[in-house]
Every structure is written in structure tokens, then in C-alpha cells.
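Quantities reported herein were computed from a predicted structural model and do not represent experimental measurements. Counting begins at 1 with the first residue of the sequence. What you see below is based on every heavy atom in this structure, not just the backbone, and it leaves out hydrogens, waters and symmetry mates.
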Amino acid sequence: MSSEMRAVRDAILSGNARPEDFTSLPLPKTMRAVTTHKDEVRMFEGLDSADKDPRKSLHVDDVPIPEVGPNEALVAVMASCINFNTVWTAIFEPLPTFQFLERHAKRSPWDKRHDLPYHIIGSDGAGVILRTGPGVTLFKPGDEVTIHCNYVDMQSPEGHNDSMLDPDQRIWGFETNFGGLAEIALVRANQLMPKPPHLTWPEAASMPLVNSTAYRMLVSPNAVQIKQGDIVLIWGAVGGLGGFALQYVLNAGAFPICVVSSEERAKLCRTVGARWVIDRKAEDYRFWNPDGTQNIGEIRRFGKKIRELTGGEDPDVVYEHPGRETFAASVFVARPGGKIVTCASTSGYMHEYDNRYLWMNKKRIIGSHFANYREAWEANRLVCKRSIHPLLSEAYPLEQTGEAAYRVHHNLVFGKIGVLCLAPREDLGVRDVDGRARHIGQINLYRNAAKGEFRLVKTEP
């Protein structure tokens, strides 16, 4: 770590630096960042997705710090997080993200910065603003912030009812360069939100992408807007996306049906307050036959299990993100007039289902992609109000980002995996000590799941 970067980190850790102190700190010329390399995009050709190893494709490089432009900010990143788009980037699926960067570079001369032989990845972050460009008014240097990943400048009229419909909307750190898995990130000013003061740096960094996504899918009128009494089927109910969905469903007075992959995860759901849990591995559901056709008998057995739990009722809403493996079952089990809201396809993008169960029963499939600024802000506000809690289960140093991504790729974790960028330890960043003390039970709930274990990988200052 350079002396300039160390001075930045020490100013943040002191907790009492003023805005002018950060403005006067000299920026280092380079920083450490997690990257993929353009000349390696073919390295996994011929391998199945499961055999593509992020530990081989993710690098920690010293790279130049980007120039801050109008309506932008440079943020010293204390911690970031692993998302499934980190895995996709690392294994170059469904296509190399350098194609996104090349396309983005054509938008304007200023955007040419993004087209580089390396891609600084990461779509989550929490840290402190170091510099702001012309036009930034809501935030200033020294502000502690979380960063959401909706990268859009709002110049197109199509985006003004919902910025996720803007034709230039991109996901920061996935479809843009200079993402959050670095010591310093470049962001748009309208990506910034106040850091929840009762959370540590990696806890705060674990929230923006999945929390905002779950909020839009379940709470916002842009998707299903659940209400009291709704029955909501949640796939992967203690994963990054599902864990936040479970909290929103319970907060709304609705009834979750949690689908998980182990008894340990089932125990966690019951501890949080879910009355209905299905351990899909214990039940050994096989929705696909060996020949690649769907097993409707197994899908019906899944539906029967749901009705046994609920007293004969079908889900009003199905919270879908696994994709190909589960989508036919999701369409089948939703009640007549019910909704299937989908935001991802981690088990495959090409979905196959019997459309008769959709059209004849007047069901609806609703696509949802991340969140607009207002939705992300409201989701973050609920965290600041201590109504929604982080799902962080592990924290890795920046140098072990490849290992962290590997664990996410192979579903070896509860909740989210944090990455320590500038933060020397996992437990730093709490400003509201009293607020944290009042909610430490909920914060630790996901960490102490099942066996009461929480593994922390520490890094030296």
C-alpha cells in the first residue's frame, strides 16, 4: 500500500477527519483493484460453467486511478461484496464483459475511459468520498456512503418514470469499468446513498445490490407490491437475494414459503420467523429427467407439498431467480391470477415451461432488473432505520477475491461474502454504537445460523 493510500485509510479509520481533510489529501497515482484481463477471455473455452474457476481469472493488479468527471465521485472503498455478476464476469459468461465496455466507450469521448485491456469489477461498495466532480451537490468529500449499481445519467426521456428503462442504463462494475472491488471506485453521484451508521463496512457493502433488487421485486409498484396476507414462495431463502426477500415478506405481514437446500438453512428460516420451509435436497425434487425433458410428476409433488404446508393454498407470488432449473415449477405452483417475478437465471437462461399453466390460469410473469435510485434509496433507508438487516456471513481480504467468488459460484455460503478493500479488519465502521447494540441479535442471526459458526478471514493492517 502506498503512503498516500495509507494516509487515506488512516483518515477514514480515525473517524474524526473533516471534509477539507479529505479534499487536501493527495491521491495516489495507482491503486489495487480486482480485474479480469481482455487477453484471457478464451481461457475457459470448452469447459462447463461449473468447471470454470474464478481463482484463475481474477487478478489483483496495480492500476491507475481514473479521472473524476462531471456528476461523478471518487470513493475510497473500505469494503465490497461478491455478487453473482462477479462470477459471471470471472468466468466470461454469458459473454465477456469487455463487449459491454467497448459498447459503453462509443457513447461519448468521456466514456472512452472504460475501454481498457482490464476490467475493474464489483457492483457493491461502502466507503468515503474523496473527490467530487462538477455538478455534485448532495454529497461531499468525507461523507460515508454505500454505492448502488444503477449507472445512468438520466438524459433520455424513457427513463424518467423509471430509470431502469433508460436505454443507457448499465450495471456499474459489470457493464462499466472502475467497479467496487478496488481501493478507489469511480461512481455517478446518483449511485451514492448514506452508509447505515450501525453497520460495519463489509455489512454495509453487502446490502445495496441484493437489498435493492429484492425491494423492487416485492415492495415497489414496478413489480408485485406484496400485501398483508400474501403467500410468497422464495427460492433460496437464505441466499443473497432470498434472505432479503424473506425479511420483506415478513415485514409486510405476508407468509413466506422458504425453499432451501439444507437443514441448516431450514433452521435459519424458522429462527427468523418463517412457518413454512421446504428442504429441496431432503425432498429430492428432480424437476428434469435424465433425457432433458421435464418431470411433471415431480413438479406436481412440489405443488402438493406447498398445499400441505399452507392448508391447501397456492402462492400468490413466486420470487424467482434460479431460472432454468426451477422456472417450470414456479409457473405451475403459482395460484390462478398469481405472479412470478424474476430477476436472474443462475441455473440457466433458457427457460422451458408448459404455457397452458400460465395462460389458462391468467398468471403473470414479471421481469425485474435491479432498482431505480428511489427504490435503492428506500431500501437503504429501511436499513438505516434498522428494519432490514445484513446477510453477511464471511469476509475475505482483497487478495482472496478469487476464492470468495469461487465459493459463491459453487453455493458454498450463507448470505453474502464481503471483501475488505481498504478496511484492515472486518469489525470496523460502526458509528452508531447504541443503535447497533439494540439490534445486534438480528444482525448476528444470519451469522450464527444452524451451527452458530461465523468464519472470518482477517487481513493485517
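- For Asp432, the salt bridge (Lys or Arg N to Asp or Glu O under 4.0 Å) criterion is met by Arg386, not counting sequence neighbours.
- Annotation: the span from Lys339 atom NZ to Met217 atom CE amounts to 13.0 Å, rounded to 0.5 Å.
- No cation-pi contact links Arg280 to Trp235, judged by a cut-off of 6.0 Å to the six-membered ring centre and 45° from its axis.
- Atom NZ of Lys106 and atom CG of Asp115 lie 9.0 Å apart (nearest 0.5 Å).
- Met1 contributes atom CE, which lies 5.5 Å from atom CG of Leu422 (distance to the nearest 0.5 angstrom).
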Full working for side-chain hydrogen bond (donor to acceptor under 3.5 Å, both in side chains) between Ser163 and Asp166:
CA-CA 5 Å; Ser163 64; Asp166 192 298; over 6 Å; no
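- With respect to Arg170 and Asp111, no salt bridge is recorded, no charged nitrogen being found less than 4.0 Å from a carboxylate O.
- The two residues Asn222 and Ile366 have their closest heavy-atom pair at O-CG2, 4.5 Å.
- Every residue two or more places apart in sequence or in another chain that forms a ring pair (Phe, Tyr, Trp, His ring centres under 6.0 Å) with Tyr248 is listed here: Tyr215.
- Both cation-pi conditions hold for Arg188 and Tyr151: the charged atom is under 6.0 angstrom from the six-membered ring centre and inside a 45 degree cone around its axis.
- Counting heavy atoms of neighbouring residues, nucleotides and ligands inside a 6.0 Å radius, atom CG of Asp10 exceeds 12 of them.
- Put simply, CG on Leu199 and NE2 on His439 are 11.0 Å apart, with the number rounded to the nearest 0.5 Å.
- Side-chain contact, His119 with Thr97: a donor N or O sits under 3.5 Å from an acceptor N or O.
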Kindly determine whether Ile121 and Thr401 satisfy side-chain contact (heavy atoms from CB on, under 4.5 Å), including the steps that lead there.
CA-CA 11 Å; Ile121 67 173; Thr401 301; 5.7 Å; no
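- At most 12 heavy atoms of other shown residues, nucleotides or ligands fall within 6.0 angstrom of atom CZ in Arg381.
- Between Arg113 and Glu72, at least one side-chain nitrogen of the basic residue sits less than 4.0 Å from a carboxylate oxygen of the acidic one, meeting the salt-bridge criterion.
- In this model, a donor atom of one side chain and an acceptor atom of the other lie less than 3.5 Å apart for His351 and Ser345.
- Side chains of Ser123 and Asn85: a donor on one and an acceptor on the other come within 3.5 Å.
- Separation of atoms CD (Glu183) and OG (Ser2) is listed at 7.0 Å; rounding is to 0.5 Å.
- Remark: Glu394 CD to Ser206 OG distance equals 12.5 Å, nearest 0.5 Å.
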